[in-house]
Asker: 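Sharing a structure with you now.
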Number of protein chains: 2
Amino acid sequence: MVSASVKDVAALAGVSVGTVSNVLNRPEKVSAEVTVRVQSAIDKLGFVRNDAARQLRAGMSHSIGLVVLDAANPFFTDLARGAEDRATAENLTVLVGNSNEDEGRESAYLDLFEQQRVRGVLLSPVGNVIPRLEQLRRRGIPTVLVDRQTENMSFSSVAVDDLAGGEMAAAHLLSLGRRRIAFVGGPASIRQVADRLAGARKAIDAVAGATLEVIATESLTVLSGRAAGESIRSRPKAERPDAIFAANDLLAVGALQGLMLMGGVKVPQEIALIGYDDIEFAAAAVVPLSSIRQPSALIGSTALELLLREAASEDGFEPAQVVFPPELIVRASTQG
Amino acid sequence: MVSASVKDVAALAGVSVGTVSNVLNRPEKVSAEVTVRVQSAIDKLGFVRNDAARQLRAGMSHSIGLVVLDAANPFFTDLARGAEDRATAENLTVLVGNSNEDEGRESAYLDLFEQQRVRGVLLSPVGNVIPRLEQLRRRGIPTVLVDRQTENMSFSSVAVDDLAGGEMAAAHLLSLGRRRIAFVGGPASIRQVADRLAGARKAIDAVAGATLEVIATESLTVLSGRAAGESIRSRPKAERPDAIFAANDLLAVGALQGLMLMGGVKVPQEIALIGYDDIEFAAAAVVPLSSIRQPSALIGSTALELLLREAASEDGFEPAQVVFPPELIVRASTQG
DNA sequence: ACACAGGAATGAATCGTTTCATAACCAGCT
DNA sequence: AGCTGGTTATGAAACGATTCATTCCTGTGT
């Protein structure tokens, strides 16, 4: 026999299946003596509940689905951990799917979650999934968008205010007295990049004499950042910016390398440098990097919180848009 | 109505539930005309199969469980991707659990997977789980260990030969003519660290006049590596090693920073440096790092392969121990 | 001695899908 | 007309846990 069922347990303990179920789910309804008998039968048979049967009966699983853009990105692993911790407290499981920024994979995971009758879905969307999400909602499966606000406000979302983050970073550089600021980042089609730039521009426009130069990169990687840093280093001193705001920490780390190569530019004395995301590596860089921190785990737990609330509520649910403020982390790269 | 069932579809299409099931699972057995009718009923009702019911009937889910030590470690995300790709091809889903090196969480995930009647489990174990795995096996759920070989050979495993990797790294340094070699790594209680050191020692002992110095670190992090690098830089030139083998790339990156700080030691001219893991960041370091590459995705897909084979086989299954050879990746940090 | 309250245990019905033995139907052949 | 073989469709049973209306006890109070 591969696996014992409640029936087997009941037979061995000399009770009915209903009683076994009661021992499992409402122990207070069962006499001590019977509880002991059933327990020992469970132990002897190595009985383990069949989740599929429970779910079938219950009509709904006790997991929630999470689809992320990139499982390797620390931001998303932190976010997932935040959601998991909150879920565990609620006796729920989080199933993580990695869309890898691919619409097909995203859609496949949504299908899977729908078949599993998950309690809800947390989604960092790739394509235009709103219709798909409306279908899920009709089926009673709520969705909360993470890291991207919904266009039409019909779904709840949790995100960070990248505009404010950009503004904050630029304002910090300006407060150091720097005026010739360069933004390193790209591609501009990524919303986060565009927002951070827009925020920076806003802060810079507000200060007379401050200028903003945009140095576009192909991607948000260390290598791109390094190329940008080297190109700045190769300029005549007078034409260099006196501060750099990089669209994320990987770029900042790369830029730092490019600048410092061959005893080049001194950071922060000649050029101050700030990144974005505050990844673990930022603090460990040759010159510890200032950065804009995003509360990734908090985003995850909050998203799950909203999801639970929506799942518990009746029809007239009001979607909520939560936007977290980013946080400025000052380290050596902008001090001195 | 929250959700339509086969019964609803059958009623609308004017056929029996069995026929609906046939349309879904053996379309060749159903006439074209009926297929069309059923399909349009499915579309109209937005019918989605209930996975719990399928699994209950089938007696087994179509997912496999994976428990990793650290979901944030690129090695494991790559491994997971390898397993997922292979699973997708087999129409299976991978459920990823993050034990975070905690025995309690590991155990909780194994419980969950057992309740879900997964097809099998891939496990990068924390504690002594062998008895638990034997219990799973009795239930018909096979396990394959990843990244750690089983002590008693009773379970299949997939790992990388860290001994050979350590030997390879040290041999490479020796082949450059370096003789005063330092191993940076720790804690020694981690099997991978111990094996890599043992491998290095073996290579060094084989060359007359070559010496090995062990510089212990508290952890496998950039910060620890940097401290080690700085302590080496602060020595009189004559007492410095002429090559460093770091137990992983994070340490190597840190060591590199520590060495180069303030125009200090030239890498590789004065000290050659090699790391381990070949993480993405290695190629992007100020001086691109040589490293020992582990085929992480291949480990994942191979583990899944073994799992499938064991699941398909009858009782007399012979566990297999697969050990992959690591690969030497030479970059600037050991050239010149 | 009897009724009765209330705790404890029962077991049939249920969830949605799949399977499989059976039935229905049709065409071709004797 | 009767028979055969083959293709399609049917519907009841089964998977395993949970639920809930019902039955069974036991002890208390009159």
Side-chain angles (χ1 to χ4, degrees), chain A residues 1-39 41-42 45-62 91 111-112 114-119 139-140, chain B residues 1-39 41-42 45-62 91 111-112 114-119 139-140:
Chain A
M1 166 209 7
V2 160
S3 205
S5 75
V6 273
K7 220 179 287 178
D8 304 317
V9 173
L12 181 58
V15 298
S16 71
V17 292
T19 299
V20 175
S21 176
N22 282 337
V23 170
L24 259 23
N25 302 300
R26 318 183 191 56
E28 79 282 0
K29 298 249 159 212
V30 183
S31 72
E33 189 243 346
V34 168
T35 301
V36 168
R37 241 167 50 223
V38 170
Q39 265 307 343
I42 287 177
L45 294 174
F47 166 77
V48 172
R49 274 147 116 142
N50 183 320
D51 215 46
R54 303 187 72 190
Q55 284 182 202
L56 173 57
R57 184 65 233 258
M60 184 147 273
S61 80
H62 41 271
N91 233 346
D111 286 349
L112 180 70
E114 190 171 359
Q115 292 185 16
Q116 302 219 354
R117 303 292 194 269
V118 295
R119 280 276 229 291
R139 194 178 233 67
Chain B
M1 166 209 7
V2 159
S3 204
S5 76
V6 273
K7 221 177 286 181
D8 304 317
V9 173
L12 181 57
V15 297
S16 72
V17 293
T19 299
V20 175
S21 178
N22 282 336
V23 170
L24 259 23
N25 302 301
R26 318 188 196 53
E28 77 283 0
K29 298 248 158 213
V30 183
S31 71
E33 189 243 348
V34 169
T35 301
V36 169
R37 238 165 54 218
V38 171
Q39 265 306 345
I42 287 176
L45 294 174
F47 166 78
V48 172
R49 274 144 122 136
N50 183 320
D51 216 45
R54 301 187 73 189
Q55 283 182 203
L56 173 57
R57 183 67 237 255
M60 184 145 273
S61 79
H62 40 271
N91 234 347
D111 285 350
L112 179 70
E114 190 171 0
Q115 291 186 16
Q116 302 219 352
R117 302 292 194 270
V118 295
R119 280 275 229 291
R139 195 177 232 69

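What you see below is based on every heavy atom in this structure, not just the backbone, and it leaves out hydrogens, waters and symmetry mates. All chains are named by letter (A, B, ...) in the order of the sequence lines, taking the proteins before the strands, and each is independently numbered beginning at 1.
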Asker: Just the rounded figure in Å: distance from P of C:dC15 to CG of A:D51.
Answerer: 20 Å

Asker: Take B:A53 and B:V30, find for each the nucleotide of DNA chain D with the closest heavy atom, and name the residue whose nucleotide sits nearer the 5' end.
Answerer: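 Closer to the 5' end of DNA chain D: B:V30.
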
Asker: Between C1' on C:dC15 and CG on B:D8, what's the gap in Å once rounded to a whole number?
Answerer: 13 Å

Asker: For A:S3 and B:R139, work out which heavy atoms get closest and say how close.
Answerer: OG-NE, 3.7 Å

Asker: Nearest-Å distance, CG (A:N50) to C1' (C:dC15)?
Answerer: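 One finds 13 Å between C1' of C:dC15 and CG of A:N50, rounded.
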
Asker: Taking B:T19 as the fixed residue, which of B:T35, B:V6, B:V34 is the one that meets the side chain to side chain contact (heavy atoms under 4.5 Å, CB included) rule?
Answerer: B:V34

Asker: Which atoms form the tightest heavy-atom contact between A:M60 and A:V118, and what is the distance?
Answerer: CE-O, 4.0 Å

Asker: Quick one: label A:T19 by what it contacts on the DNA or RNA (base, sugar-phosphate, nothing), any heavy atom closer than 4.0 Å.
Answerer: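 Answer is base: heavy atoms of A:T19 come under 4.0 Å of a base.
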
Asker: For A:R26, answer base if it contacts any base atom (sugar-phosphate contacts may also be present), sugar-phosphate if it contacts only those atoms, and nothing otherwise; contact means non-hydrogen atoms under 4.0 Å.
Answerer: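 Sugar-phosphate contact only.
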
Asker: Roughly how many Å is it from CE in B:M60 to P in C:dT18, rounded to a whole number?
Answerer: 17 Å

Asker: With nearest nucleotides of DNA chain C determined for B:L56 and B:S21 from heavy-atom distances, which residue corresponds to the more 5′ nucleotide?
Answerer: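 Going by which nucleotide is closer to the 5' end, it is B:L56.
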
Asker: Mind checking A:G59 for me? I need base, sugar-phosphate or nothing, with any heavy atom below 4.0 Å counting as a touch.
Answerer: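 If one applies the 4.0 Å heavy-atom cut-off, A:G59 turns out to touch nothing in the nucleic acid.
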
Asker: Would you please confirm or rule out a distance under 4.0 Å between OP1 or OP2 of C:dG7 and any side-chain N or O of A:S31?
Answerer: no

Asker: Could you tell me how far apart B:Q115 (CD) and D:dG16 (C1') are, to the nearest whole angstrom?
Answerer: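 Roughly 13 Å, once rounded to whole Å.
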
Asker: Any sub-3.5 Å donor-acceptor pair from A:S61's side-chain atoms to A:R117's backbone N or O?
Answerer: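 Looks like yes, one N/O pair under 3.5 Å.
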
Asker: Does B:S16 have a side-chain nitrogen or oxygen under 4.0 Å from the phosphate oxygens OP1 or OP2 of D:dT10?
Answerer: yes

Asker: Can you check whether any acceptor in the base of D:dT18 is under 3.5 Å from a donor in the side chain of A:R57, or vice versa?
Answerer: yes

Asker: Classify A:V20 by what it touches in the nucleic acid, base, sugar-phosphate, or nothing, heavy-atom distance under 4.0 Å.
Answerer: nothing

Asker: Does the side chain of B:L24 come within less than 4.5 Å of B:I42's, by heavy atoms?
Answerer: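 Sidechains of B:L24 and B:I42: in contact.
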
Asker: Taking the nucleotide of DNA chain D with the closest heavy atom to each, which residue, B:A58 or B:N22, is nearer the 5' end?
Answerer: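 The residue closer to the strand's 5' end, by nearest nucleotide, is B:N22.
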
Asker: Less than 4.0 angstrom between a side-chain N/O of B:R49 and OP1 or OP2 of C:dT18, yes or no?
Answerer: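 The answer is yes; a side-chain N or O of B:R49 sits under 4.0 Å from OP1 or OP2.
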
Asker: Whole-Å distance between C:dA9 P and A:E28 CD?
Answerer: 12 Å

Asker: For B:E33 and C:dC26, give me the distance from atom CD to atom C1', rounded to whole Å.
Answerer: 15 Å

Asker: Could you give the CZ-to-P distance, from A:R54 to D:dT18, as a whole number of Å?
Answerer: 5 Å

